Amino acid sequence: MNIVIMGAGAIGSLFGALLSKKNNVMLIGRTSHVKAIRKNGLNIEDKTQLNVKIPAEDSVDKVTFSPDVLILTVKSFDTISAINQAMKIIDDDTIILTLQNGLDNIDMIEKVVDSKQIIAGTTTHGAFFSRPGVIGHTGKGKTTLGKLNGKKTGRIKHIADLFNEVGIETIVSEDIIKEMWVKAIVNSSINPLTTFFQCKNGYLLENPILEKIVEKVCKESTSIAKANGINLLNQHTIQKTKEVIRSTSENHSSMLQSFKKGKKTEIDSINGKLVDIGKKNGVDSSMNEILVYLVTSISN
Ligand SMILES: NC(=O)c1ccc[n+]([C@@H]2O[C@H](COP(=O)([O-])OP(=O)(O)OC[C@H]3O[C@@H](n4cnc5c(N)ncnc54)[C@H](OP(=O)(O)O)[C@@H]3O)[C@@H](O)[C@H]2O)c1
């Protein structure tokens, strides 16, 4: 299968490297990363160790084919520009797979691509952009894919099979929107709290006051989800959040990593979007609103 990775940073480069074992993969990333890949190959370190020769370009303008699958792995705040650039190579048969976190990506992609062509995915793999040409695979995880209408078509099963064949453990969900909401709810407490307190994920359960805040944020985010038609139980989302905190206790969340690098965070796509949806539905979203203020107040 011909695959283009749009936004070859941490997670995009990891998936690209693995998928290149059995597919034609082209990475689109920043110039320094592309140059390093051309010189030394793409290196994956830590949980996976790989060095792959893989085509890489710094612009879709240099791509001369339409891929079967375009995997979108830019941060949420880059989605609009990335998908607009990618339109040059997207044809009616190209599937757009977003592996991004955040609750606003699908809406942005749907503005330019027919929703029938969009697949959403969540992944619990952890990847870290170490330096140009080198990605750390910090945690092995599971990936879930789903069509927006929930249908398990032959095409989505085929894509999941391709992922599994290269070692990316993947299942197809009939309710990927719910999966994305669960991920956003989990992230709605872990990401901003670890960023503001500049702590490892595990500290959120070591400090009893922070544990209470985690529970309160989870409950509020779950109420916002319910008001938006996503049927979830507080008990389930709190339990899930604590499981993630325990299993990633030594990690720095992606938001904290962005903050430490002086980069923009995805706070607006996670907590900011929860606030918008909550307000639209008349649901209290003050915890999420405070978290947006806190992270924004310490960001550049
Ligand atoms: N990393 C993980 O473990 C992980 C796991 C699950 C989900 N996710 C989600 O996946 C998404 C990507 O995360 P990430 O950690 O991989 O981010 P990342 O390392 O910042 O990767 C995105 C890359 O895309 C580049 N980029 C942005 N716009 C581009 C464009 N138009 N053309 C070419 N390159 C472009 C960025 O460059 P600049 O930085 O220079 O702008 C960056 O190198 C996020 O939504 C994140 O929440 C990440």
Side-chain angles (χ1 to χ4, degrees), residues 5 7-21 25 27 29 33 42-52 71-76 78 97-102 105 120-145 163-164 166-171 173 176 179-195 197-206 214 237 240-261 263-267 269-270 295:
I5 308 281
I11 205 75
S13 301
L14 171 68
F15 273 59
L18 293 167
L19 285 165
S20 74
K21 290 184 199 169
V25 178
L27 302 181
H33 191 44
L42 171 60
N43 284 289
I44 309 292
E45 294 180 340
D46 206 346
K47 300 282 187 255
T48 297
Q49 307 211 340
L50 267 181
N51 172 277
V52 289
I71 305 185
L72 194 59
T73 51
V74 295
K75 290 266 170 71
S76 309
D78 284 324
L97 163 58
T98 162
L99 288 175
Q100 303 159 286
N101 286 325
N105 295 298
T122 60
T123 184
T124 57
H125 278 282
F128 175 70
F129 192 91
S130 181
R131 57 188 182 279
V134 183
I135 302 297
H137 186 188
T138 48
K140 283 201 175 181
K142 293 187 178 145
T143 301
T144 305
L145 304 180
F163 275 45
N164 281 308
V166 298
I168 303 171
E169 196 184 331
T170 302
I171 56 166
S173 164
I176 192 68
E179 305 282 345
M180 294 179 85
W181 269 86
V182 171
K183 188 128 195 243
I185 292 169
V186 168
N187 284 335
S188 72
S189 59
I190 299 176
N191 275 297
L193 288 171
T194 53
T195 303
F197 290 98
Q198 297 191 34
C199 62
K200 288 183 179 172
N201 292 355
Y203 184 64
L204 299 179
L205 294 184
E206 283 163 27
V214 166
T237 53
K240 179 86 193 160
T241 302
K242 291 190 177 180
E243 270 169 29
V244 172
I245 293 174
R246 282 189 202 99
S247 63
T248 59
S249 62
E250 285 304 305
N251 293 6
H252 287 155
S253 71
S254 57
M255 193 173 282
L256 175 56
Q257 286 177 34
S258 299
F259 171 75
K260 281 177 147 183
K261 286 183 182 170
K263 291 198 155 198
K264 195 169 169 182
T265 72
E266 292 187 301
I267 188 81
S269 304
I270 302 171
V295 171

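Quantities reported herein were computed from a predicted structural model and do not represent experimental measurements. Just so you know, these numbers use all the heavy atoms, side chains as well, and skip hydrogens, waters and symmetry mates. The first residue of the sequence shown is numbered 1, and numbering continues consecutively from there.
- Taking NE2 from His252 and CG from Asn191, the interatomic distance works out to 13.0 Å, rounded to the nearest 0.5 Å.
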Requested in this report: Please assess Ser189 against Leu204 for the test side-chain contact (heavy atoms from CB on, under 4.5 Å), listing each intermediate value before the final yes or no.
Outcome: CA-CA 9 Å; Ser189 59; Leu204 299 179; 5.7 Å; no
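- Remark: Phe128 engages no residue in a ring pair (Phe, Tyr, Trp, His ring centres under 6.0 Å) (not counting sequence neighbours).
- With sequence neighbours excluded, the residues forming a side-chain contact (heavy atoms from CB on, under 4.5 Å) with Lys142 are Thr124, Glu169, listed by chain and number.
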Query raised in the report: How far apart are the C-alpha atoms of Met255 and Ile267, what are their side-chain angles, what is the distance that settles it, and do they pass the side-chain contact (heavy atoms from CB on, under 4.5 Å) test?
Result: CA-CA 8 Å; Met255 193 173 282; Ile267 188 81; 4.0 Å; yes
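- The distance from the OG1 atom of Thr98 to the CD1 atom of Ile71 is 10.0 Å, given to the nearest 0.5 Å.
- What you find for Gly12 and Thr73 is that their closest heavy atoms are CA-OG1, 3.4 Å.
- For the salt bridge (Lys or Arg N to Asp or Glu O under 4.0 Å) test, residues two or more places apart in sequence or in another chain that qualify with Lys200 are Glu250.
- Scanning all heavy atoms of the two residues, the minimum distance from Ile270 to Ala184 falls at CG2-O, 3.7 Å.
- In this structure Thr237 satisfies the side-chain contact (heavy atoms from CB on, under 4.5 Å) test together with Ile185, Thr222, Leu232, sequence neighbours excluded.
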Query raised in the report: Given Ile135 and Glu45, is the side-chain contact (heavy atoms from CB on, under 4.5 Å) satisfied, shown in steps?
Result: CA-CA 6 Å; Ile135 302 297; Glu45 294 180 340; over 6 Å; no
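- Scanning both residues, Leu14 and Ala127, for their nearest heavy atoms gives CD2-CB, 4.1 Å.
- The minimum heavy-atom distance between Val74 and Gly7, with the atom names listed, is CG1-CA, 3.6 Å.
- Asn201 pairs by the side-chain hydrogen bond (donor to acceptor under 3.5 Å, both in side chains) definition with Thr248, not counting sequence neighbours.
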Query - Test log, rule side-chain contact (heavy atoms from CB on, under 4.5 Å), inputs Leu97 and Leu72 - result: CA-CA 6 Å; Leu97 163 58; Leu72 194 59; over 6 Å; no
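- Side-chain contact, Lys75 with Ser258: a donor N or O sits under 3.5 Å from an acceptor N or O.
- The shortest non-hydrogen separation linking Leu256 to Cys199 is CD2-O, 3.4 Å.
- Ser13 meets the side-chain hydrogen bond (donor to acceptor under 3.5 Å, both in side chains) test with His33; sequence neighbours excluded.
- Remark: Lys183 pairs with Asn101, Thr122, Asn187 by the side-chain contact (heavy atoms from CB on, under 4.5 Å) rule, at least two apart or across chains.
- Under the 3.5 Å distance criterion, with hydrogens and angles disregarded, a donor-acceptor pair is assigned to the side chains of Ser76 and Glu266.
- Partners of Thr241 by side-chain hydrogen bond (donor to acceptor under 3.5 Å, both in side chains), not counting sequence neighbours: none found.
- The two residues Gly139 and Lys47 make their nearest non-hydrogen contact at N-CG, 4.0 Å.
- Applying the side-chain hydrogen bond (donor to acceptor under 3.5 Å, both in side chains) test to Glu243 and every residue at least two apart in sequence or in another chain returns Gln239.
- Here the CD1-CG distance, from Ile5 to Leu99, works out to 8.0 Å after rounding to the nearest 0.5 Å.
- Interatomic distance, CD1 of Ile11 versus CZ of Phe129, reported as 13.5 Å (0.5 Å rounding).
- No more than 12 heavy-atom neighbours from other residues, nucleotides or ligands sit within 6.0 angstrom of NZ on Lys240.
- In this structure, the side-chain contact (heavy atoms from CB on, under 4.5 Å) partners of Thr170, at least two apart in sequence or on a different chain, are Thr143, Leu145, Ala160, Phe163, Asn164, Ile168.
- A donor-acceptor pair under 3.5 Å is absent between the side-chain atoms of Asn43 and the main chain of Asn51, judged by distance alone.
- By the ring pair (Phe, Tyr, Trp, His ring centres under 6.0 Å) test, His125 pairs with Phe15, His137, sequence neighbours left out.
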